[in-house]
There are 2 protein chains.
Amino acid sequence: MEREISQAVIRRMPRYYRYLGELLESNVERISSNELSKLMHVTASQIRQDLNNFGGFGQQGYGYNVKFLHDEIGKILGLNQMHNVILIGAGNLGQAIANYVNFEKLSFRMIGLFDVNPDKIGNVFSGAEVRHMDELPEFLKDHHVDIAALTLPKDNAEAVAAELVNLGITAIWNFAHVDLEVPENVVVQNVHLSDSLMQLSYNITQI
Amino acid sequence: MEREISQAVIRRMPRYYRYLGELLESNVERISSNELSKLMHVTASQIRQDLNNFGGFGQQGYGYNVKFLHDEIGKILGLNQMHNVILIGAGNLGQAIANYVNFEKLSFRMIGLFDVNPDKIGNVFSGAEVRHMDELPEFLKDHHVDIAALTLPKDNAEAVAAELVNLGITAIWNFAHVDLEVPENVVVQNVHLSDSLMQLSYNITQI
DNA sequence: TATATTATGTTAAATGTTTGACAAAATGGT
DNA sequence: ACCATTTTGTCAAACATTTAACATAATATA
């Protein structure tokens with residue numbers, strides 16, 4: 001019986017991955033949950049509990065091998081394979097995200113940018129030419145796309161998402177300020193910047 | 001004795017605010033927790049529980065008045081007052097966020113953009129001229145700043161954050177891919193895009 | 001005006017998450 | 001080779017969050 005791992009745990013994995021990456025760059029060979037806990041300001045117990053969801057990566061009396069653990073978490077997060085990303089919406093945010101995705105070394109690659117605004121079509125950002133949305137079906141015949149990032153105004157987001165799903169896209173990185181209604185085989189990861197800003201605003205007033 | 005409200009609740013408030021805003025625009029006058037729960041795909045119990053953290057906004061047999069509740073949540077989130085925002089880092093992402101902040105109607109206003117890159121200084125984005133970081137102390141004498149957004153590479157983020165804190169900034173919206181170490185009177189809200197993308201990547205592999 | 005219905009606020013139960021404790025295993029020093 | 005130390009993996013307790021249940025109060029209907 002497969003036990004599903006909670007999103008609370010998953011949310012923490014990228015952070016472990018980041019710290020381990022930094023340790024790796026500093027040529028640290030091994031680390032104990034206790035040392036790591038001090039570095040990350042979390043409890044050692046949580047680290048061990050989290051990692052154990054995926055199996056025993058450490059060794060008693062030794063701790064964790066940094067490179068090994070880094071690799072394993074990378075695999076867990078699917079970073080051992082390339083993800084082709086397209087972007088819908090070539091505005092300010094789209095350009096920034098295009099840049100960002102390509103900059104992230106290794107496992108994500110921006111391979112296409114789409115928009116409906118004639119002024120944008122043909123421009124080149126981060127090495128990709130902006131194409132018209134109408135070209136998307138044809139594009140998808142020739143290219144395997146793992147993730148579509150939605151960086152467009154919220155008014156069009158729901159319709160575009162529906163279209164993407166129709167065309168077989170199963171993972172959406174959503175920057176539009178709406179909650180997309182998609183079939184359950186489609187994964188949506190929201191980045192709601194307003195929500196984040198409002199949470200900050202709330203916390204300001206609490207000090 | 002003030003009971004602190006959990007961040008789990010706070011994270012949901014902006015979403016309520018958004019849905020209520022949409023209802024308001026659709027001229028819906030009242031709504032029950034049950035109707036709202038269907039709209040938002042959460043339990044009615046959670047909605048009532050969440051709202052009750054801040055006081056009784058509804059009425060038995062009637063439900064909640066949309067406009068009133070929207071306003072109250074706005075106040076809770078601090079949206080009834082203007083927040084002046086500056087941005088550190090006028091790259092791609094900085095420009096996008098500058099645009100974004102100004103676009104958010106009402107309570108946030110981008111009043112200054114800073115960078116160290118000579119090529120960027122003097123450019124105008126979203127109505128604000130990019131100034132050199134050296135001008136920041138002087139700028140802060142003349143302007144009240146509520147929030148500093150960090151849209152710069154991670155290597156400089158920690159140092160810049162320290163400088164901001166020194167200059168009296170107490171709220172940071174952090175887009176850099178590091179965890180900032182700040183005094184406890186300073187609020188940091190992280191937007192770690194890589195983490196979000198990795199979480200998506202994980203969830204893709206789980207389907 | 002009386003009664004059935006609706007729907008909140010709140011209590012308690014159920015569920016989920018985090019932390020503490022410790023046996024067992026490996027390491028490292030002598 | 002032995003023993004003290006380190007440190008994991010895991011169990012159980014503590015804590016937090018979510019959901020269900022329901023008494024109470026207001027509304028709506030007849």
Side-chain angles (χ1 to χ4, degrees), chain A residues 1-16 19-20 23 28-73 76 199 202-203 206, chain B residues 1-16 19-20 23 28-73 76 199 202-203 206:
Chain A
M1 179 177 77
E2 291 273 313
R3 214 179 47 68
E4 185 152 341
I5 291 157
S6 82
Q7 290 292 310
V9 174
I10 302 307
R11 257 193 304 277
R12 285 192 290 267
M13 298 309 287
R15 187 152 181 266
Y16 294 135
Y19 275 85
L20 288 165
L23 288 168
V28 177
E29 199 181 83
R30 58 183 259 194
I31 193 158
S32 69
S33 59
N34 197 36
E35 292 169 289
L36 190 56
S37 82
K38 275 169 195 148
L39 216 59
M40 296 184 65
H41 303 297
V42 297
T43 63
S45 187
Q46 178 163 79
I47 293 173
R48 295 203 299 277
Q49 194 82 264
D50 281 351
L51 297 179
N52 253 86
N53 281 293
F54 304 99
F57 300 130
Q59 201 153 53
Q60 282 146 322
Y62 174 88
Y64 299 90
N65 179 283
V66 172
K67 172 146 182 38
F68 175 71
L69 186 56
H70 183 259
D71 284 358
E72 288 300 311
I73 295 179
I76 289 164
Q199 198 182 340
Y202 172 85
N203 286 324
Q206 294 317 104
Chain B
M1 179 177 75
E2 291 274 312
R3 213 180 47 70
E4 185 152 341
I5 291 157
S6 82
Q7 290 293 311
V9 174
I10 302 306
R11 256 194 304 277
R12 286 192 291 266
M13 298 309 285
R15 187 151 182 265
Y16 293 136
Y19 275 85
L20 288 165
L23 288 168
V28 177
E29 198 181 85
R30 60 183 258 192
I31 192 157
S32 69
S33 60
N34 198 35
E35 292 169 290
L36 190 56
S37 82
K38 275 169 194 148
L39 217 57
M40 296 183 65
H41 303 299
V42 297
T43 63
S45 188
Q46 180 163 78
I47 292 173
R48 294 204 298 279
Q49 196 80 265
D50 281 350
L51 296 179
N52 253 85
N53 281 293
F54 304 98
F57 300 128
Q59 200 151 53
Q60 283 147 322
Y62 173 89
Y64 299 89
N65 179 284
V66 172
K67 171 144 182 39
F68 176 71
L69 186 55
H70 183 260
D71 284 359
E72 288 301 311
I73 295 179
I76 289 164
Q199 199 182 339
Y202 173 84
N203 286 325
Q206 294 318 104

**OP:** Would you mind reporting whether A:F54 and A:I73 have side-chain heavy atoms less than 4.5 Å apart?
**Re:** no
- Query: Side-chain contact, heavy-atom cut-off 4.5 Å: B:R48 with B:Y64?
  - Reply: yes
Side-chain donor-acceptor pair present, B:T43, B:Q46, cut-off under 3.5 Å
no
Rounded to whole angstroms, how far apart are [atom1] on [X] and [atom2] on [N]?
X     : N      : atom1 : atom2 : answer
A:L51 : D:dT10 : CG    : C1'   : 14 Å
A:N34 : C:dT19 : CG    : P     : 14 Å
A:I47 : C:dG20 : CD1   : P     : 13 Å
A:N53 : C:dT18 : CG    : P     : 10 Å
A:Q46 : C:dG16 : CD    : P     : 18 Å
A:F68 : D:dT8  : CZ    : C1'   : 14 Å
B:I5  : D:dA16 : CD1   : P     : 15 Å
B:E29 : D:dT27 : CD    : P     : 13 Å

Residue [X], side-chain atoms from C-beta onward, closest of [options]:
X     : options                : result
A:R30 : C:dT27, C:dT8, C:dT19  : C:dT27
A:A8  : C:dT18, C:dA7, C:dT19  : C:dT18
A:R48 : C:dG28, D:dA21, C:dA21 : C:dA21
A:Y62 : D:dT7, C:dT27, C:dT17  : C:dT27
A:N52 : D:dT10, C:dG9, C:dT8   : D:dT10
B:Y64 : C:dG9, C:dT27, D:dT27  : C:dG9

If the cut-off is 4.0 Å, is A:S6 near the phosphate of C:dG16, judged by side-chain N/O to OP1 or OP2?
no
Check: So does B:S33 get a side-chain nitrogen or oxygen closer than 4.0 Å to the phosphate oxygens (OP1/OP2) of C:dT8?
Finding: yes
Ranking A:I31 and B:G61 by the position along DNA chain D of their nearest nucleotide, the one closer to 5' is A:I31
Would you say the base of [N] and the side-chain of [X] have a donor-acceptor pair closer than 3.5 Å?
X     : N      : result
B:S45 : D:dA20 : yes
B:Q49 : D:dT19 : yes
B:Q60 : C:dT8  : yes

Between B:S33 and B:A44, the two heavy atoms sitting closest are O-CB, 3.7 Å
Checklist line | Criterion side chain to side chain donor-acceptor pair (under 3.5 Å) on B:Q7 and A:Q199, from CA distance to verdict | finding: CA-CA 9 Å; B:Q7 290 293 311; A:Q199 198 182 340; 2.9 Å; yes
Sorted by position of nearest nucleotide on DNA chain C, 5' first, the leading residue of A:Q59 and A:Q7 is A:Q7
- For A:Y16 and A:L69, run side chain to side chain contact (heavy atoms under 4.5 Å, CB included): C-alpha distance rounded to whole Å, both residues' side-chain angles, the deciding distance at 0.1 Å, then the answer. CA-CA 9 Å; A:Y16 294 135; A:L69 186 56; over 6 Å; no
